[in-house]
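In what follows, every chain begins at residue 1, and chains take the letters A, B, ... in the order their sequences are listed.
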2 protein chains.
Amino acid sequence: MSTARRVTATDVARRAGTSQSAVSRVFTPGASVSPDLRERVMEAARSLGYRPNAIARSLITRRSRIVAVAMADLGNQFYPLVLEALSARLQAEGYQILLFTADPAAPSDPMIEQVMRYQVDAVVLASTGLSSALARECRALGVPVVMFNRMTDDPDLSCVIGDNERGGRDVAAFLAAAGHRRPAFIAGLEGSSTNRDRERGFVRGLAEAGLAAPARAAGHYSYEGAAAATRALLREAAPDAIFCANDHMAIACMEVARHEFGLSIPGDLSVVGFDDVGPARWRSYDLTSFSQPLGPMVEATVGMLLEFMDDPSLPVRRVVVGGELVLRGSARRPAGPLPHP
Amino acid sequence: MSTARRVTATDVARRAGTSQSAVSRVFTPGASVSPDLRERVMEAARSLGYRPNAIARSLITRRSRIVAVAMADLGNQFYPLVLEALSARLQAEGYQILLFTADPAAPSDPMIEQVMRYQVDAVVLASTGLSSALARECRALGVPVVMFNRMTDDPDLSCVIGDNERGGRDVAAFLAAAGHRRPAFIAGLEGSSTNRDRERGFVRGLAEAGLAAPARAAGHYSYEGAAAATRALLREAAPDAIFCANDHMAIACMEVARHEFGLSIPGDLSVVGFDDVGPARWRSYDLTSFSQPLGPMVEATVGMLLEFMDDPSLPVRRVVVGGELVLRGSARRPAGPLPHP
DNA sequence: TCCCTTTTTGCATACGTATGCAACAGCCTG
DNA sequence: CAGGCTGTTGCATACGTATGCAAAAAGGGA
């Protein structure tokens with residue numbers, strides 16, 4: 001029953017009365033084959049149900065047309081959308097995604113080690129949990145690496161990020177202009193570059209507006225973490241605004257503020273997020289948020305990947321994709337016109 | 001610079017003073033190698049940075065240790081979580097996921113065709129958009145297929161699903177017991193088995209409670225679709241309860257009911273969802289929902305996959321994973337004790 | 001000590017495709 | 001008609017690993 005031996009190019013060749021190499025050429029775009037032969041081969045292939053073996057092809061071409069994507073935190077709505085967009089874009093270019101989900105708890109280097117065995121043509125790291133030592137190692141092997149929404153000081157690594165520092169600063173300027181006096185900050189993962197830059201921008205922005213450094217608590221980019229951080233801040237710091245390092249946490253923050261502390265938003269408390277992900281637009285939240293434009297970020301990533309795969313010796317690049325503060329109802333607005341950034 | 005030729009088993013063998021086959025055996029669990037040689041080979045491998053080539057291995061073993069996963073609708077929080085769990089579970093078993101995202105609009109069969117070229121060991125179909133003709137074709141090729149959260153009448157296809165019909169029925173019984181007289185239904189994708197079964201159960205359950213068939217509108221499992229469906233229903237049918245075919249739509253429904261129609265939930269309108277996904281627990285929604293237990297569903301899927309890969313001739317299996325109605329605040333409850341299912 | 005069993009090792013080949021090379025056909029130019 | 005050029009085809013080999021087989025080595029029993 002399962003004796004269904006796979007149909008090979010040789011089988012097709014025999015049926016079409018030609019050689020295996022001719023069959024190969026028919027399935028290789030741009031190769032030189034006469035229309036007549038091409039038709040015969042296609043016909044034979046169709047009737048036999050031939051499907052080229054990408055594994056065998058990869059072995060010889062040394063290109064798998066597979067891109068490894070490392071992700072974590074699929075519970076944060078930002079990442080699934082990134083994945084969807086990346087996948088669609090790469091599929092359109094004829095690449096497949098080998099997915100690698102990192103458990104933020106466990107060390108994930110040994111797992112991606114496994115992925116590297118598949119001779120992937122490139123790697124996208126969109127998970128904070130992966131060491132950049134690993135990224136460097138890939139690069140040393142000649143495999144292009146792009147860090148997505150993530151950065152290191154390492155000058156040898158390419159990345160695509162949103163404008164985190166400016167975002168933090170804009171939020172600070174906005175909150176200050178609206179008359180908030182005691183803004184607080186809920187941090188994401190302490191080690192992450194996104195969090196560091198957003199916080200730095202926020203703190204600087206507040207300073208520029210003549211406000212003191214904000215109270216802060218860490219939410220680790222998780223729902224529960226942000227809920228706990230909100231409780232702590234509301235109990236101890238009496239803030240009149242909270243800037244959360246991403247929307248996922250901002251939602252948790254709003255839930256706690258409203259339902260556990262009975263606060264009205266933005267009457268008693270303004271809340272601002274980062275990412276401008278789907279739920280930010282849901283009416284219950286109507287979240288003011290600094291956007292990270294998914295489309296352009298993915299476009300930049302795929303563009304770099306394609307170029308690097310074409311020529312691995314190209315110089316490292318760091319792309320910053322601009323975003324903007326999207327004003328909604330979760331934060332009190334300045335009376336006058338907005339300060340222009 | 002990028003002359004970094006890949007290190008092969010032969011290089012390691014030379015360095016360790018042995019043969020390529022010995023190196024292969026060292027990296028093959030269960031093969032017979034003396035401790036001494038094993039140590040020498042490992043040492044050589046380490047110093048050269050050897051990484052076995054999974055592509056070459058797949059070519060000869062005819063097993064890629066890759067599982068194709070087809071998904072769509074990553075915007076619905078249910079699926080990313082499935083993906084995360086599937087990935088974690090498969091990685092633990094030494095399998096990788098080749099991700100395939102289907103654009104619900106475009107025909108996706110040609111795309112998965114592409115994926116099949118990678119000699120994947122198995123396929124998980126978690127996207128409604130894919131024809132089951134394709135699934136049958138895979139099976140004919142000897143590649144195990146499991147449909148996730150999806151079913152067909154085809155007796156040759158295995159699947160893992162939640163208890164859709166019972167879920168619909170329980171919701172009906174629950175709403176009726178609480179005294180609702182004009183329940184309505186917001187359907188998901190018309191062609192999908194999940195929607196069909198949930199609706200069927202709901203309609204039957206209502207009939208059993210002596211209620212008429214519900215008003216209905218299609219939301220296509222999308223946020224916007226559900227919002228439009230809600231508007232139509234509220235304008236035309238004056239329902240006192242709405243059962244949505246999934247949580248994603250239930251949230252849209254609640255937003256529209258509250259913010260566009262000024263209804264109080266559950267005072268003026270009860271809303272019930274299906275899936276019991278993360279946001280259902282968020283206090284703003286506090287959504288009563290029939291659960292689809294992710295863990296058991298994924299466990300069942302992976303279990304079947306592993307068995308099928310081990311022995312493709314095993315009979316088709318259909319697993320129904322039970323769920324339960326999780327009572328929260330979005331739907332009025334019966335005064336007395338609940339009817340026991 | 002010898003013979004038999006078990007373990008360890010290397011040789012050689014297979015997996016399915018791509019591609020350099022040579023052979024050949026057809027066509028054009030002069 | 002010679003010579004050259006372009007386009008098409010098949011042959012042979014390479015890619016990196018796994019594995020059957022036989023040879024060699026290591027035990028084990030008497």
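Protein atom CD of A:Q20 is 6 Å distant from nucleotide atom C1' of C:dT17, rounded to whole Å. Between the C1' atom of C:dT17 and the CG atom of B:N53 lies a distance of 14 Å, rounded to the nearest Å. In this structure, A:F27 places its CZ atom 16 Å from P of C:dG16, rounding to the nearest Å. Atom CG of B:D36 and atom P of C:dT8 are 11 Å apart (whole Å).
The base of D:dC11 sits with one of its N or O atoms less than 3.5 Å from a complementary donor or acceptor on the side chain of A:S21. Counting atom types as modelled, B:R25 pairs a side-chain N or O with a base atom of C:dG10 as donor and acceptor under 3.5 Å.
No contact: A:S58 has no heavy atom under 4.0 Å from any strand. Heavy atoms of B:V23 sit nowhere under 4.0 angstrom from any nucleic acid atom.
Comparing C:dT9, D:dG7, D:dA18 against the side chain of B:V33 picks out C:dT9 as the nearest.
Using a cut-off of 4.0 Å between Lys/Arg side-chain N and Asp/Glu carboxylate O, B:E43 and B:R46 are scored as salt-bridged. A salt bridge between A:D36 and A:R40 is present, with a side-chain N of the basic residue lying under 4.0 Å from a carboxylate O of the acidic one. Comment: B:R136 does not engage B:D156 in a salt bridge, judged by the lack of any side-chain N to carboxylate O separation of less than 4.0 angstrom.
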Start with the C-alpha distance between B:L125 and B:I112, add both sets of side-chain angles, then the distance that settles side chain to side chain contact (heavy atoms under 4.5 Å, CB included), and finish with yes or no. CA-CA 10 Å; B:L125 295 181; B:I112 197 155; 4.0 Å; yes

